[in-house]
Amino acid sequence: MKFLDLVKTRQSVRGYLDKPVEWEKIERCLEAARLAPSASNSQPWSFIVVDDTKLKEAVAKETFSQLISFNYFSLQVPVLIILISERSGFLNRVAESIKDKQFSLIDIGIAAEHFCLQATEEGLGTCILGWFNEKGVKKLLNISPSKRVELIITVGYPESTMIRPKKRKSIDQIRSYNSYRLSK
Ligand SMILES: Cc1cc2nc3c(=O)[nH]c(=O)nc-3n(C[C@H](O)[C@H](O)[C@H](O)COP(=O)(O)O)c2cc1C
């Protein structure tokens with residue numbers, strides 16, 4: 001797919017077929033994530049693939065509650081990818097402190113999108129989840145309390161092949177040339 005077409009085809013998928021995902025496809029998505037750029041090439045990430053049915057269900061149940069149920073769909077997903085931020089190198093931590101910027105979060109966001117774009121290329125659907133019970137996820141997957149689980153990506157074959165129109169700000173609302181000047 002041409003790159004812009006791929007970007008337009010990727011969308012958050014919240015309905016999945018009861019169909020397993022080929023292991024090689026997941027590995028190619030992880031390869032795309034592995035090749036993502038990161039500040040000082042620190043690669044401050046690791047990934048857990050959760051495809052064991054019982055464990056996956058338990059992790060999915062940590063992404064919603066009775067009160068906040070919008071991630072309920074994760075129960076029908078064949079694979080969950082857990083993105084953990086790993087400690088970045090000393091230089092990077094110094095740079096983060098001087099510049100007051102958390103580069104590792106930016107890095108993980110880029111890696112997540114690399115994963116999702118490759119998944120789209122593979123005919124898979126994904127949804128990035130930022131809302132979940134981090135403590136519960138860590139406990140289920142033996143992740144040390146000192147680490148952070150930043151994101152979860154749901155992966156599977158989409159129930160529908162329809163591509164929704166994107167709801168985005170117009171280009172005039174977000175771009176200006178040479179100085180900060182945006183139209184309302
Ligand atoms: C950091 C991040 C966290 C997100 N968390 C959730 C989530 O917890 N549940 C969910 O259904 N969608 C979540 N999304 C998906 C966004 O709602 C979605 O990307 C946005 O509405 C744009 O729609 P699109 O992905 O279909 O283009 C998240 C996306 C990002 C980038």
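Sequence positions, counted from 1, serve as the residue numbers for this chain. Whatever order the structure lists them in is the order used to number ligands and atoms, beginning at 1. Side chains included, hydrogens not; waters and symmetry mates left out as well; all remaining heavy atoms used.
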- Mode of R168 contact toward ligand 1 - side chain, backbone, both, neither (heavy atoms, under 4.0 Å):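 Looking at R168 and ligand 1, just side chain atoms fall under 4.0 Å.
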- Item | Mode of C127 contact toward ligand 1 - side chain, backbone, both, neither (heavy atoms, under 4.0 Å) |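 Just the side chain.
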- Ionic contact status for E96 with R93, cut-off 4.0 Å: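 Looking at E96 together with R93, the answer is no, because their closest N to O distance does not fall below 4.0 Å.
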- Query: Is any heavy atom of the protein nearer than 4.0 Å to atom 7 (C) of ligand 1?
  - Reply: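 Yes, there is a protein heavy atom closer to it than 4.0 Å.
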- Message: How far is atom 1 (C) of ligand 1 from the closest protein heavy atom, and which atom is that?
- Response: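 Among all protein heavy atoms, the one nearest atom 1 (C) of ligand 1 is L151 CD2, 3.8 Å.
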- Query: In the protein, what heavy atom is nearest to atom 21 (O) of ligand 1, and what distance, to one decimal place, separates them?
  - Reply: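 Checking every protein heavy atom, the shortest distance to atom 21 (O) of ligand 1 gives R14 NH2, 4.5 Å.
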Please confirm whether [X] approaches ligand 1 to less than 4.0 Å, judged on its heavy atoms.
| X | answer |
| --- | --- |
| R10 | yes |
| F73 | yes |
| E113 | no |

- Query: So does Y72 have more than 12 non-hydrogen atoms from other groups sitting under 6.0 Å from OH?
  - Reply: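 No, the 6.0 Å shell around OH holds no more than 12 heavy atoms from other groups.
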Which atoms from ligand 1 have a heavy atom of [X] less than 4.0 Å away?
| X | value |
| --- | --- |
| N71 | 7 (C), 8 (O), 9 (N), 10 (C), 11 (O) |
| G130 | 3 (C), 4 (C), 5 (N), 6 (C), 7 (C), 8 (O) |
| Q11 | 26 (O) |
| R164 | 26 (O) |
| W131 | 8 (O) |
| S12 | 15 (C), 18 (C), 19 (O), 24 (P), 25 (O), 26 (O) |

- pair I48-I143: side-chain heavy atoms closer than 4.5 Å: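 Result yes, sub-4.5 Å side-chain heavy-atom pair found.
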- Message: With rounding to the nearest 0.5 angstrom, report the CZ to CZ distance, F73 to F64.
- Response: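 So the CZ of F73 and the CZ of F64 are separated by 10.5 Å.
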- Task: Output the distance between atom CD (E150) and atom OG (S104), rounded to the nearest 0.5 Å.
- Result: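 The CD atom of E150 sits 6.5 Å away from the OG atom of S104.
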- Query: When hydrophobic residues are tied together by side-chain contacts of less than 4.5 Å, even through go-betweens, does Y16 share a cluster with I82?
  - Reply: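 Yes, one cluster joins them.
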- Message: So which atom in P158 and which in G125 form the shortest heavy-atom distance, rounded to 0.1 Å?
- Response: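 So the two residues come closest at CD-N, 3.6 Å.
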- Message: Quick one: does any side-chain atom of Q76 pair with a main-chain N or O of L17 as donor and acceptor, under 3.5 Å?
- Response: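 Not a single qualifying donor-acceptor pair exists.
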- Message: Quick check against the 3.5 Å criterion: does D172 have a side-chain atom that pairs as donor or acceptor with the backbone of L182?
- Response: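 Such a contact is absent between D172 side chain and L182 backbone.
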- Do any N/O atoms on I128 end up under 3.5 angstrom from N/O atoms on ligand 1?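 Yes, since at least one N or O of I128 sits under 3.5 Å from an N or O of ligand 1.
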- Item | Short side-chain donor-acceptor distance under 3.5 Å, S42 and S40 |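 S40 vs S42: no donor-acceptor pair found between side chains.
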